[in-house]
Amino acid sequence: MTDMRGAGAGRASVSVAICGSGGAGVMTAGNMLLDAAARAGWYGLMVRSSGPQIRGGEAAALLRFAARPIDCLDDRFDALVAIDWQSTHRFADEIPLDVRSLIVADPDQGEPPDAYLAGGARRVNVPLKQLAKAIPGSWPNMVALGLAARLIGVPAEAVRQVVTKSLKKATNTLAASLAAIDAGASAASELGAGLALEQPPERPPSRWLISGNEAAGLGAIRGGVRFVAAYPITPATELLEWLAPALPKVGGVLVQAEDELASINMAIGASYGGVPALTATAGPGLALMTEALGLSVAAEVPVVVVDVMRGGPSTGIPAKSEQSDVSIALWGLHGDAPRIVVAPNSVADCLATTQWAVHLAERLQAPAIVLSDQFLGQARTVADRPADVAFIGERLTAAEGTEAYKRYAITETGVSAMALPGTPGLAYTADGLEHNERGIPSSGAADHRAQLAKRSRKLTAHDYGGQWADIEGEGRLAVVTFGSCTAPVREALARARAEGVDARLVSLRLLAPARPELLAAALDGVERVLVVEQNHGAQLFRYLRAECDLPRATTSYRHPGPLPIRPDEVYREVLEWSRR
Amino acid sequence: MEPQMTSATATNAAARAPQIYKSDYKPIWCPGCGDYSVLAAFTKAFAQLDVAPERIAVVSGIGCSSRIPAYLTAYGFHGVHGRALPAATGLKVARPDLTVVVAGGDGDGYSIGGNHFLHACRRNVDLTYVVMDNHVYGMTKGQPSPTTEPDWVSKLSPAGTGLRVFHPLVVALAAGANFIARGFSGDPNGLAALIAEAIRAPGFSFVEVLSPCVTYRPEQREWKASVRPAPVAPTDDPARAARRILTDDGFNIGVLYRGNRKPYQPPVGQGAMRVAELEKAFEI
């Protein structure tokens, strides 16, 4: 990240946006470009951005490539390839261009919106539509694909492989598309505006192309989830759609519910039956689920909810990312209701963190909320093949023959053995009413205190291991963050280090229960702390202030979505905060 | 596990007594409450079916009648208000080997849980839903429910609700319930037979039970003079069933509709693919 422009060896990272109206095939071209770069050994990331229309609206594929794993967008784009300009001014905030940027525009599609030209980007004309028209059966997006691939140095063979794979059943279209790619590549050669990437590793390790939503779904299955209840909601739907055909293959089942109240209660019902269960949703759905999450706490029935956060409150900005469900996840239940809240900090980490959530929920017989977000969920990334962590659901169950069985026995760990329906002699009622150790409803003070303490103790006494946070670097300044802000903070700190400012990164994967002692140890020797998050209300900052003993010099840097937290803004903030 | 299998099929020669399904926990209900008889009817029905207590799960929401799981010796789930049907749906789909019974009242089932009632009927999971309908919210001390008459006066409805009464049986029929019956708590033996038949019937079985609230609706004591066996045999014709249900006076007791829709039970535990196979789709 120290030198974006690189030397003769090529650029460390290149960012390209492709935009156009709905139906122009922007996303297809973007996905193919990412796939081709991946086959050629590079790493990369693609974020989809679209207008408010359901279908047919303008779209932008935001791509970034590098020779090493990449988990966030850059501060700016090196190139914007526009198939057309229809309503694409909406993306100007998301596609920052400057004097070093290149706009590739079709002169037949009119003038680029001023917002794109304001930064002084160089504009070059390529008649994408005409080039496509000259090849019957081809489309401008394939010309754009060939052009973008050549610009960044992706070998033509990799592009041809990807296109051939996806069009193998349509031989006429395939031939036309391959010709269009060549036409685009030739046009790029004539521009003399190389954005060539540094070469990828000669023998890249085994890698995956995966979205965060898919990764979370796979993590759920790896963790042992075999029942999922689903109610569609942007941006969590793809997670559920991935699970729908996948679960039956491994002996599980997905049921579409009539609403989120039903989906969470179905999941809890299945889990009561002994089958690890999950649902996925976004903020509005999580709000509806909070009552039943309290039931999961009180009745001690494990359940996992993946919240793919989007702009809120209310319907908010459904298709854009924001880390603004921190407070509802941490505090949103009535009563004293301890729950587990974890947050993946990269697209690929959605896998391991969701798997961990299943493990924790099952082990601790409690609800676990996974705070993903639209960026992590919908971005597709090239990642090193995720290691298979050993976390699987391990629920403490009671066996037939248990004498004087008490479902809610007060134990040292706080966890009590659960009898699964079908076990002779241990029938009990799981109850959201406060109860005694046997599960009989009780409004007695002693039972209430004992059960509250037990449910709290089982979470606080648990050893969460090293994955509670990722801690990197040294320095008297630390940035504490979580989730999708982690990657831009990491890049910002690498830049600061190059400027002689050392700082530590603490990316929290476990948000609840709070771990004040662990955080204090992670901040040992740190004098100044910057808490970085993507929301308006400083939700994480306030939580950490309440729960942890932070240095006096702790401040917050945040802004709400839809714009991502970018490396450069964090870098500037770190420099300023270190000098103050 | 065979999805079509009716899990309550009697297999054991040594019949079980109703008493074994009772728990040692004393009900909180008022003296004279109709729900005592429904509780007795459940134990008799389970005994008739001769199903082992641990193979039964009784799921409920919130309300007087929803306290019933704890009074039975069976696996119980006493969840949140209005959400018994989704919890039971999740349980039955995940564990088709269990006999899953759902119990609750008119407020829980037709008001706060109304949406789930519709979708449970149309989904047709092999559940039996027993609603103890007393036309009032009893636990909160006497407010009108969806089945309360429009001119019934209470603290919360000083001038009556003025609202049309909800008709659960015809709603269930329209939404696709596969078995529809009306019972009366004053006839525990007849009710036990109805519940047993409902449990045996595949798919979603709905039993609306007239169960008087003697505290807030003392006039319901007179229901015993009004009920009568339905003067017709069950039909599998929805149009005929609709006419019957819409035109009777609400006191015909018995099975009113018996459909032949296939229950919803996606296969579970059958796919044997290794997780590693699923992961191949992500490899570059």
Side-chain angles (χ1 to χ4, degrees), chain A residues 35 38-39 206-210 214-215 218 221-222 226-227 229 246-255 257-259 261-275 277 291-292 294-295 299 382 385 419-433 439-441, chain B residues 23 25 28 52-60 62 67 69-70 72-95 97-98 100 113 115-116 118-120 123 125 264 266-279 281-284:
Chain A
D35 201 350
R39 279 164 188 260
S206 170
R207 291 163 311 142
W208 284 7
L209 188 54
I210 195 167
E214 291 166 339
L218 180 58
I221 286 181
R222 273 190 179 179
R226 292 296 181 270
F227 180 93
L247 274 167
K249 292 178 186 159
V250 295
V253 61
L254 179 141
V255 176
E258 54 270 29
D259 56 30
L261 303 167
S263 56
I264 184 70
N265 280 283
M266 284 180 183
I268 292 171
S271 176
Y272 164 77
V275 178
E291 186 194 21
L295 171 65
V382 181
R385 180 195 184 87
L420 301 184
T423 313
L426 305 187
Y428 77 101
T429 292
D431 211 321
L433 276 172
I440 303 296
Chain B
S23 81
Y25 179 42
I28 56 160
E54 69 270 12
R55 309 306 307 175
I56 304 168
V58 184
V59 179
S60 70
I62 296 297
R67 300 291 290 250
L72 289 162
T73 289
Y75 279 88
F77 183 94
H78 184 207
V80 293
H81 196 21
R83 318 297 164 212
L85 285 170
T89 298
L91 177 58
K92 180 67 184 182
V93 169
R95 291 286 310 274
D97 56 308
L98 298 172
V100 181
N115 190 36
H116 309 309
L118 294 180
H119 292 279
R123 196 175 279 115
V125 173
Y264 173 87
V268 294
Q270 292 185 4
M273 184 187 271
R274 289 181 18 253
V275 177
E277 290 287 310
L278 277 182
E279 299 174 358
F282 300 122
E283 286 171 4
I284 290 166

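This one's a predicted model, so the numbers in the text were calculated from it and none came from an experiment. So that the names make sense, note that chain A is the first sequence line, chain B the second, and so on, each numbered from 1. Just so it is clear, the values below take in all heavy atoms, side chains as well, and ignore hydrogens, waters and symmetry mates.
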Among Ala57(B), Pro53(B), Ala87(B), which residue forms the greatest number of heavy-atom pairs with chain A at distances under 4.5 Å?
Ala87(B)
Is it the backbone or the side chain of Ala419(A) that comes under 4.5 Å from a heavy atom of chain B, or both, or neither?
both
If every non-hydrogen atom of Glu258(A) is compared with every non-hydrogen atom of Pro86(B), which pair is closest and at what distance?
OE2-CG, 4.3 Å
Using non-hydrogen atoms and a 4.5 Å limit, figure out which bit of Ala262(A) sits close to chain B: side chain, backbone, both or neither.
both
Shorter than 4.5 Å, heavy atoms on both sides: which option in Gly432(A), Ala38(A), Pro424(A) has the most such pairs with chain B?
Pro424(A)
From CA spacing to verdict: salt bridge (charged side-chain N to carboxylate O under 4.0 Å, His left out), Arg385(A), Glu279(B):
CA-CA 10 Å; Arg385(A) 180 195 184 87; Glu279(B) 299 174 358; 3.6 Å; yes
Pick one of side chain, backbone, both or neither for Ala88(B), based on which atoms fall under 4.5 Å of a heavy atom in chain A.
neither
When you compare the side chain of His78(B) with that of Thr429(A), does any pair of heavy atoms fall below 4.5 Å?
yes
Side chain proximity check, Arg67(B) to Ile62(B), heavy atoms < 4.5 angstrom
no
Work out which heavy atom in Asn265(A) is nearest to a heavy atom in Leu261(A); give both atom names and the distance.
ND2-O, 2.7 Å
If one checks every heavy atom of Ala229(A) against chain B at 4.5 Å, the contacting part turns out to be neither
Tell me, out of Pro248(A), Gly422(A), Gly273(A), who's got the most heavy-atom pairs with chain B below 4.5 Å.
Gly422(A)
Would Leu247(A) and Val253(A) satisfy side-chain contact (heavy atoms from CB on, under 4.5 Å), going step by step from the backbone distance to the final call?
CA-CA 5 Å; Leu247(A) 274 167; Val253(A) 61; 5.9 Å; no
Can you list everything that forms a side-chain contact (heavy atoms from CB on, under 4.5 Å) with Pro421(A)? Sequence neighbours excluded, please.
Tyr272(A), Tyr75(B), Arg95(B), Leu98(B)
Name the option with the most non-hydrogen atom pairs under 4.5 Å to chain A; the candidates are Thr73(B), Thr89(B), Leu72(B), Leu91(B).
Leu91(B)
Which region of Ala52(B), side chain (C-beta onward) or backbone (N, CA, C, O), has a non-hydrogen atom less than 4.5 Å from a non-hydrogen atom of chain A, or is it both or neither?
neither
May I ask you to name which of Val58(B), Ile28(B), Asn115(B) has the most heavy-atom pairs under 4.5 Å with chain A?
Asn115(B)
Donor-acceptor pair, side chain of Arg207(A) and main chain of Arg39(A), under 3.5 angstrom
no
Minimum heavy-atom separation for Leu278(B) to Ala246(A), with atom names?
CD2-CB, 3.9 Å
Which answer fits Phe77(B), side chain, backbone, both or neither, if we ask what part of it has an atom under 4.5 Å from a heavy atom of chain A?
both
Non-hydrogen side-chain atoms of Tyr264(B) and Val93(B) separated by less than 4.5 Å:
yes
Chain B shares the most heavy-atom pairs under 4.5 Å, among Glu214(A), Arg222(A), Glu291(A), Met266(A), with Met266(A)
Bottom line for Ala267(A): the part with an atom under 4.5 Å from chain B's heavy atoms is neither
Identify which part of Tyr428(A) has an atom lying under 4.5 Å from any heavy atom of chain B, answering side chain, backbone, both or neither.
both
Please classify the contact between Leu209(A) and chain B as side chain, backbone, both or neither, with a heavy-atom cut-off of under 4.5 Å.
both
Region of Val255(A) in contact with chain B, defined by heavy-atom distances below 4.5 Å
both
Is Pro69(B) close to chain A through its backbone or its side chain, or both, or neither, when contacts mean heavy atoms under 4.5 Å?
both
Say whether His116(B) and Arg83(B), considering side chains only, have a donor N or O and an acceptor N or O under 3.5 Å apart.
yes
Looking at chain B, which one of Val250(A), Val382(A), Ile221(A), Leu254(A) has the largest number of heavy-atom pairs inside 4.5 Å, strictly under?
Val250(A)
